[in-house]
Amino acid sequence: MFDVIIAGCGPTGAVLAAELRLHDVRVLVLEKDTEPIPFTRIVGLHIRSLELMAMRGLLERILKRGRRRPAGAYFAGIDKPAPAGLDSSYAYLLGIPQPVIVHLLEEHAIELGAQVRRGSAVAAFQQDDDGVTVELADGEQLRTRYLVGCDGARSTVRKLLGVGFPGEPSRNDTLMGELEVGVPPEEIAAKMAEIRDTDKRWWFRPFGEGVYSVVVPAAGVSGRAQPPTLEEFRQQLRTVAGTDFGVHSPRWLSRFGDATRLAERYRVGRVLLAGDAAHIHPPIGGQGLNLGVQDAFNLGWKLAAQVRGRAPDDLLDTYQAERRPVAEDVLDNTRAQTELMSTEPGPQAVRRLLAELMDFDEVNRHLIEKITAIGVRYDFGEGPELLGRRLPDIDVKQGRLYGLLHRGRGLLLDRTERLTVGGWSDRVDHLADPTAALDVPCVLLRPDGHVAWIGDDQRDLDDHLSRWFGTPN
Ligand SMILES: Cc1cc2nc3c(=O)[nH]c(=O)nc-3n(C[C@H](O)[C@H](O)[C@H](O)COP(=O)(O)OP(=O)(O)OC[C@H]3O[C@@H](n4cnc5c(N)ncnc54)[C@H](O)[C@@H]3O)c2cc1C
C-alpha cells in the first residue's frame, strides 16, 4: 500500500514526488519509458521556478548544468529587455536541456526516498472509499491512497477519469530537430539576420560542433502518426528560406502542435491531475514545464497533509481553485502570443504597436510578471496587496529567507517578536526577526512560499494557522 502513486516521471511528477517526500509520504512514481527522452530540447526555467528551486536548496545544482540568459524578450519574442529592478534575486532565465533538468529532479526525489519504477505504464485504475487500485500495462496491480496523473498531454489518467479536455486543436504544427549543415555559418547568420524582423516562426540556431537546432513550420507536411523525415525538413526550409542549408545527418527530428486545452477538473475523488496532463498550450514563451512544476509545488504539501490526516476540510480542493485560473491565464497569453507571430499584416501591425507599448515600464513589467509567474496572486480573500503573492528571497537574520524553506514547512516571519505558532510547531517554523526586510509586522508563509496571512494579532493568526495547517497538536 502506497500513500501516493504518481503516473509519469517528467518534471511535474519528479517535483511532486520530492515535495511529498519532504513530509514522509510513501510515494511511488511509475514511468512508462525505460529511458528518459533523448530529445535535447532546451527549455527555459523562468524566475518563479528558479525561486522554487532555491527554496528547496536545488538551484546551485541546476545552475551548473544550464546557461543564464536575460529575463526579457520572451513575450512573443518581442525584443525588449526586462524592466530594471525586477523584484527577485533570480531575475534571469536559465536555459537547460529538458532531459538534464528531468534527470536532476528525479535524482533529487530519489535522494529524498521516492521510489521510481521505469518501464511501468499505468493502464487502468478503480477508486473506492479507501483508495485506488492501479493496474499496470503488464497486469500487475498496486494499491494506493491517492493517484496523481502527471503523465503528460495524452494523459491516460485523465482519459480514464473521463475528465473533459476542451479547447482548440492544433492549427499549426511545427517541425523541430537537430541537424548538421552543408554551408558556412556566415551564410546561415546572414539569412537569419535578413528574416529576423519579419518571420519569427522558424529558426536555425547553432548547437555546437556543426549541429544546428532547426524549427520550421510543418504546413503541408502530412500525417502526425510518423516522425518527420529529413526530406520534409529540406522541403520546408526551401519554402520559408529559399534554401535548405544542405542539412543532413539529423540527431533527431520531431513535430509539435499548438493545441490549447484545459482539463475541466483537476480532481475526481482520490485522483488528481497536474502538469501537461491538466493543460496544454503552444510552447511560445516557454511556460509549460514551469507551469507543471509550479502545480507540483502547490499540490505537494496539501496532498501530504491530506495523507497524514491533518488537512483542513477543503485544503485539497484549493489546489484546483488556485492553479486552474493560473493555467487559464497562461493559455490565454499563449493564444495572444501565437496571434502576434502571424506574418499577416494585421497581426504584424498589432505586434509593432505592442512593441511600442512595451517601452512603457508598466506594460513591460506586467508582461514579464505573467511569463515568469512572479505576478501570480492566489485569491485568499480581502487583504493587503501582498496577501496571496509569493515573497521574494528577502534578507533575514540568518541570511536569506529561502534558506529557511528547504524542508517544505510553513514559516511565521514575526517582526513583533511576540507571536507564537503554538500547537502547529510540528509543521510551521517561527522566526522572530525584527530586522526582516518587510514592511508589514508579520507574515505567515505556506510551504510553497505564498503569503497566507499578514497581521499582528495572535487570535487572527491562530485562525489562519487552522485554515492552512489543520488542527493543532
Ligand atoms: C518544442 C517545445 C519547447 C518547449 N519549451 C519549453 C520551455 O522553454 N519552457 C517550458 O516551461 N516548457 C517548454 N515546453 C513544454 C514542456 O516540455 C512541457 O510542458 C513539460 O514537459 C510538461 O511536463 P510534465 O511532467 O507535465 O509532462 P511530460 O514531460 O510529458 O512527462 C510526462 C511523463 O509521463 C510518462 N507517461 C505517459 N503516460 C504514462 C503512463 N500511462 N504511465 C506512466 N507514465 C506515463 C511519459 O513517458 C513522460 O515521461 C516545450 C515544449 C515543446 C514541444
Side-chain angles (χ1 to χ4, degrees), residues 5-17 28-50 66 69 74 77 93-99 101-103 105-106 109 116-125 134-138 140 142 147-160 170 173-178 203 213-216 218 252-259 261 263 273-296 299 323 327 330-331 334 371-373:
I5 287 183
I6 297 172
C9 196
T12 308
V15 167
L16 181 61
L28 171 68
V29 187
L30 298 170
E31 168 52 56
K32 84 173 160 49
D33 291 346
T34 42
E35 299 291 330
I37 47 159
F39 296 175
T40 42
R41 172 203 301 160
I42 304 285
V43 291
L45 287 186
H46 284 294
I47 299 174
R48 184 57 185 153
S49 299
L50 296 170
R69 302 201 173 277
Y74 288 95
L93 174 119
L94 191 79
I96 189 165
Q98 180 148 342
I101 183 75
V102 171
H103 172 73
L105 296 172
E106 179 179 342
V116 179
R117 268 174 63 176
R118 289 196 160 267
S120 298
V122 171
F125 64 81
V134 175
E135 189 173 320
L136 306 188
D138 64 5
E140 185 183 350
L142 299 163
L147 169 68
V148 189
C150 299
D151 48 345
R154 297 192 176 90
S155 172
T156 304
V157 174
R158 188 191 63 237
K159 288 176 191 155
L160 290 169
S170 181
D173 278 16
T174 302
L175 305 184
M176 183 176 197
E178 279 169 32
W203 78 60
S213 163
V214 181
V215 162
V216 65
W252 54 265
L253 303 173
S254 79
R255 173 179 187 136
F256 61 89
D258 64 356
R261 296 183 180 278
L273 299 170
D276 275 16
H279 38 69
I280 54 167
H281 54 81
I284 186 161
Q287 297 165 94
L289 183 148
N290 289 269
L291 190 59
V293 161
Q294 290 155 25
D295 285 348
L299 176 59
R323 293 304 299 170
V330 171
L331 263 55
T334 53
I371 292 264
T372 61

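When reading the values below, keep in mind they use all heavy atoms of this one structure, side chains included, and skip hydrogens, waters and symmetry mates. Since the structure is predicted, the reported quantities are computational estimates derived from the model, not experimental observations. Just so you know, ligand 1 is whichever comes first in the structure, and atom 1 is the first atom listed for that ligand.
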Are the side chain of [X] and the backbone of [Y] linked by a donor-acceptor contact shorter than 3.5 Å?
{"X": "Arg158", "Y": "Ala153", "result": "yes"}
{"X": "Asp151", "Y": "Thr156", "result": "yes"}
{"X": "His46", "Y": "Gln287", "result": "no"}
{"X": "Ser170", "Y": "Asp258", "result": "yes"}

Per-atom contacts of ligand 1 with [X], taking only distances under 4.0 Å to non-hydrogen atoms:
{"X": "Gly275", "value": "26 (O)"}
{"X": "Phe256", "value": "1 (C), 53 (C)"}
{"X": "Ser120", "value": "43 (C)"}
{"X": "Gln98", "value": "16 (C), 17 (O), 20 (C), 21 (O), 29 (O)"}
{"X": "Gln287", "value": "9 (N), 10 (C), 11 (O)"}
{"X": "Gly152", "value": "27 (O), 30 (O), 32 (C)"}

Any non-hydrogen side-chain atom of [X] less than 4.5 Å from a side-chain atom of [Y]?
{"X": "Val43", "Y": "Ile96", "value": "yes"}
{"X": "Arg48", "Y": "Thr372", "value": "no"}
{"X": "Val29", "Y": "Arg117", "value": "no"}
{"X": "Val330", "Y": "Asn290", "value": "no"}

Heavy-atom closest pair, residues [X] and [Y]:
{"X": "Pro283", "Y": "Gly257", "value": "CD-O, 4.2 Å"}
{"X": "Gly288", "Y": "Asp276", "value": "O-OD1, 4.3 Å"}
{"X": "Gly275", "Y": "Asp295", "value": "N-OD2, 3.0 Å"}

Less than 3.5 Å between some nitrogen or oxygen of [X] and one of ligand 1, yes or no?
{"X": "Pro11", "result": "yes"}
{"X": "Gly288", "result": "yes"}
{"X": "Leu289", "result": "yes"}
{"X": "Ala153", "result": "no"}
{"X": "Gly44", "result": "yes"}
{"X": "Ala7", "result": "no"}

So which protein heavy atom does [atom] come closest to, and at what separation?
{"atom": "atom 19 (O) of ligand 1", "value": "Asp276 OD1, 2.9 Å"}
{"atom": "atom 13 (C) of ligand 1", "value": "Val43 CG1, 3.9 Å"}
{"atom": "atom 31 (O) of ligand 1", "value": "Gly10 CA, 3.5 Å"}
{"atom": "atom 9 (N) of ligand 1", "value": "Gly286 O, 3.0 Å"}
{"atom": "atom 34 (O) of ligand 1", "value": "Gly8 CA, 3.2 Å"}
{"atom": "atom 44 (N) of ligand 1", "value": "Lys32 N, 3.2 Å"}
{"atom": "atom 47 (O) of ligand 1", "value": "Glu31 OE2, 2.6 Å"}
{"atom": "atom 3 (C) of ligand 1", "value": "Arg41 CD, 3.4 Å"}

Glu106: what forms a salt bridge (charged side-chain N to carboxylate O under 4.0 Å, His left out) with it, not counting sequence neighbours?
-> Arg118
Can you tell me how far the CG atom of Leu45 sits from the CZ atom of Arg69, to the nearest 0.5 Å?
-> 13.0 Å
Which is closest to atom 1 (C) of ligand 1 by heavy-atom distance: His279, Glu106, Met176?
-> Met176
Taking the minimum heavy-atom distance to atom 38 (N) of ligand 1, which of Thr12, Val134, Thr174, Asp151 ranks first?
-> Asp151
For ligand 1, indicate whether the residue Cys150 contacts it via side chain, backbone, both or neither (heavy-atom separation under 4.0 Å).
-> backbone
Short version for Thr156: what comes under 4.0 Å of ligand 1, heavy atoms counted, is side chain
Which residues share a ring-ring contact (aromatic ring centres under 6.0 Å, His included) with His281, sequence neighbours left out = none
